[in-house]
Amino acid sequence: MLPKKINNSFFPCTTKELAKKLLGKVIVRELNGEFLIGRIVEAEAYLDKNDFASHSAVGLTKRNEVMFGEAGLIYIYFTYGMHYCFNIVSGEKGKGSAVLIRAVEPLEGIEVMFENRKIKNFGDLTNGPSKFCQAFKIEKSMNGIDLKKSEKIFIADSNDYKFEIGVSRRIGIVKSSEKMLRFFIKGNKFLSRR
DNA sequence: TTATGGATCTTCT
DNA sequence: GAAGATCCATAAA
């Protein structure tokens, strides 16, 4: 059975709040009639232009313009020559803040994920921002899609899933790396790091 | 188990 | 022309 799409009132809140609220929720992606479902276990908050690690810190450009849109949009960016990362725009319109989905726990469509990833190890399926994108076949063409309206990809509630939230500094960046803006589900196997 | 190097491309300077 | 919110195979310890 398909999880129920989350209410649109979920998105308007601060970036930090959204990052925490996203933990434990599931992300649903329809691909060729099959559903890929994963539980969000790790997310990072990227704030407005005062957060130097955020893409929006350099101001509005063609690349990051989606970040300055309304909450609930998908911002896909490309990095290191070969990797996509999936963000959900948050906060007020024009701020340029977003939540980066760093890791999910695979729930359904696992065979498709293996095909997309071309690896053997279950534990490596989605435990990193770019691994998750590969597994879910998230591509640049999805940049700017509205999670609130799309039926192809959306966030859904997950019933009675109990967990503890952990907080740490963000990963893989140099600027402002001391900020405690990474949120994760304690003890989950699919975290990119412990 | 940790360390290292290669892959590979968009955006802005 | 350089930097970048990375991943993975392979090598060393």
Side-chain angles (χ1 to χ4, degrees), chain A residues 14-23 27 36 38 40-69 71-91 95-106 110 112-145 147 165-185 188-194:
Chain A
T14 68
T15 304
K16 255 187 179 173
E17 271 180 61
L18 188 66
K20 276 189 265 189
K21 277 161 61 177
L22 280 167
L23 293 179
I27 184 158
L36 302 182
I40 298 170
V41 298
E42 186 176 347
E44 282 179 8
Y46 284 87
L47 310 180
D48 58 20
K49 61 180 191 302
N50 296 317
D51 177 3
F52 292 109
S54 171
H55 282 177
S56 57
V58 295
L60 200 158
T61 67
K62 198 174 164 189
R63 180 200 200 190
N64 64 19
E65 62 181 348
V66 175
M67 266 186 112
F68 291 88
L73 298 183
I74 300 173
Y75 170 46
I76 310 282
Y77 70 86
F78 192 75
T79 191
Y80 291 97
M82 56 195 312
H83 294 298
Y84 293 104
C85 293
F86 179 93
N87 301 249
I88 299 174
V89 177
S90 64
K95 282 275 190 185
S97 52
V99 176
L100 168 68
I101 304 302
R102 286 194 53 88
V104 306
E105 175 183 347
I110 289 167
V112 179
M113 294 185 202
F114 270 117
E115 279 174 34
N116 292 339
R117 294 273 293 119
K118 304 190 197 319
I119 54 154
K120 308 151 201 165
N121 200 338
F122 183 59
D124 286 335
L125 214 44
T126 55
N127 63 336
S130 185
K131 300 177 186 179
F132 155 64
C133 287
Q134 267 183 35
F136 277 61
K137 245 195 165 64
I138 288 166
E139 292 163 346
K140 209 178 54 178
S141 60
M142 297 173 65
N143 194 29
I145 289 179
L147 281 173
I165 293 180
V167 183
S168 78
R169 56 182 55 194
R170 290 175 293 185
I171 290 173
I173 57 174
V174 181
K175 297 171 193 163
S176 305
S177 59
E178 78 289 349
K179 290 184 197 289
M180 303 296 269
L181 290 173
R182 170 173 174 254
F183 304 97
F184 57 94
I185 292 179
N188 192 282
K189 283 181 204 156
F190 290 92
L191 298 177
S192 61
R193 296 195 194 175
R194 276 163 287 208

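Reminder, nothing fancy here: chain letters follow the sequence lines and each chain counts from 1.
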May I ask you to evaluate whether A:Lys175 reaches the phosphate of C:dA5, defined as a side-chain N or O under 4.0 Å from OP1 or OP2? no
Check: A:Tyr77 side chain, C:dA5 base, donor-acceptor under 3.5 Å: yes
Just the rounded figure in Å: distance from P of B:dT8 to CE of A:Met82. 6 Å
If you assign A:Thr79 and A:Lys62 each to the DNA chain B nucleotide with the nearest heavy atom, which residue ends up on the more 5' nucleotide? A:Thr79
Does B:dC12 have its OP1 or OP2 closer than 4.0 Å to a side-chain nitrogen or oxygen of A:Thr61? yes
Is there a Watson-Crick or G-U wobble partner for B:dT8 with both distances under 3.5 Å, and which nucleotide is it? none
Tell me the interatomic distance from A:Asn121, atom CG, to C:dC8, atom C1', rounded to whole angstroms. 12 Å
Can you name the closest pair of heavy atoms from A:Arg170 and A:Ala53 and give their distance? NH2-CB, 3.8 Å
To the nearest Å, give me how far apart CG (A:Leu181) and P (C:dA5) are. 15 Å
When rounded to whole Å, the NZ to C1' distance for the pair A:Lys120 and C:dA9 reads 10 Å
What is the distance from CG of A:Asn143 to P of B:dC9, rounded to the nearest Å? 18 Å
Relative to the 5' end of DNA chain C, which residue comes earlier, A:Gly81 or A:Ile119, by the nucleotide with the nearest heavy atom? A:Gly81
A:Tyr84 pairs by ring-ring contact (aromatic ring centres under 6.0 Å, His included) with which of A:Phe78, A:Phe136, A:Tyr75? A:Phe78
Can you say whether a donor on the side chain of A:His83 sits under 3.5 Å from an acceptor on the base of C:dA5, or the other way round? no
In Watson-Crick or G-U wobble terms, both distances under 3.5 Å, what is the partner of C:dA5? none
Taking any heavy-atom pair under 4.0 Å as a contact, classify A:Asp124: base, sugar-phosphate, or nothing. nothing
Can you name the one residue among A:Gln134, A:Lys137, A:Lys131 that meets side chain to side chain contact (heavy atoms under 4.5 Å, CB included) with A:Asn116? A:Lys137
Contact summary for A:Leu22 and A:Ile40, nearest pair of heavy atoms: O-CB, 3.5 Å
Can you tell me how far P of C:dC7 sits from NZ of A:Lys131, to the nearest Å? 6 Å
Does a side-chain N or O of A:Arg117 approach OP1 or OP2 of C:dC8 to a distance below 4.0 Å, or not? yes
Separation of atom CD1 in A:Ile171 from atom C1' in C:dC7, rounded to whole Å: 14 Å
Provide, to the nearest angstrom, the distance between the CD atom belonging to A:Glu65 and the P atom belonging to B:dT11. 10 Å
Between A:Arg63 and A:Phe132, which has a closest nucleotide on DNA chain C that is more 5'? A:Arg63
Hydrogens and angles aside, do A:Ser177 and A:Arg169 bring a side-chain donor and acceptor to less than 3.5 Å of each other? no
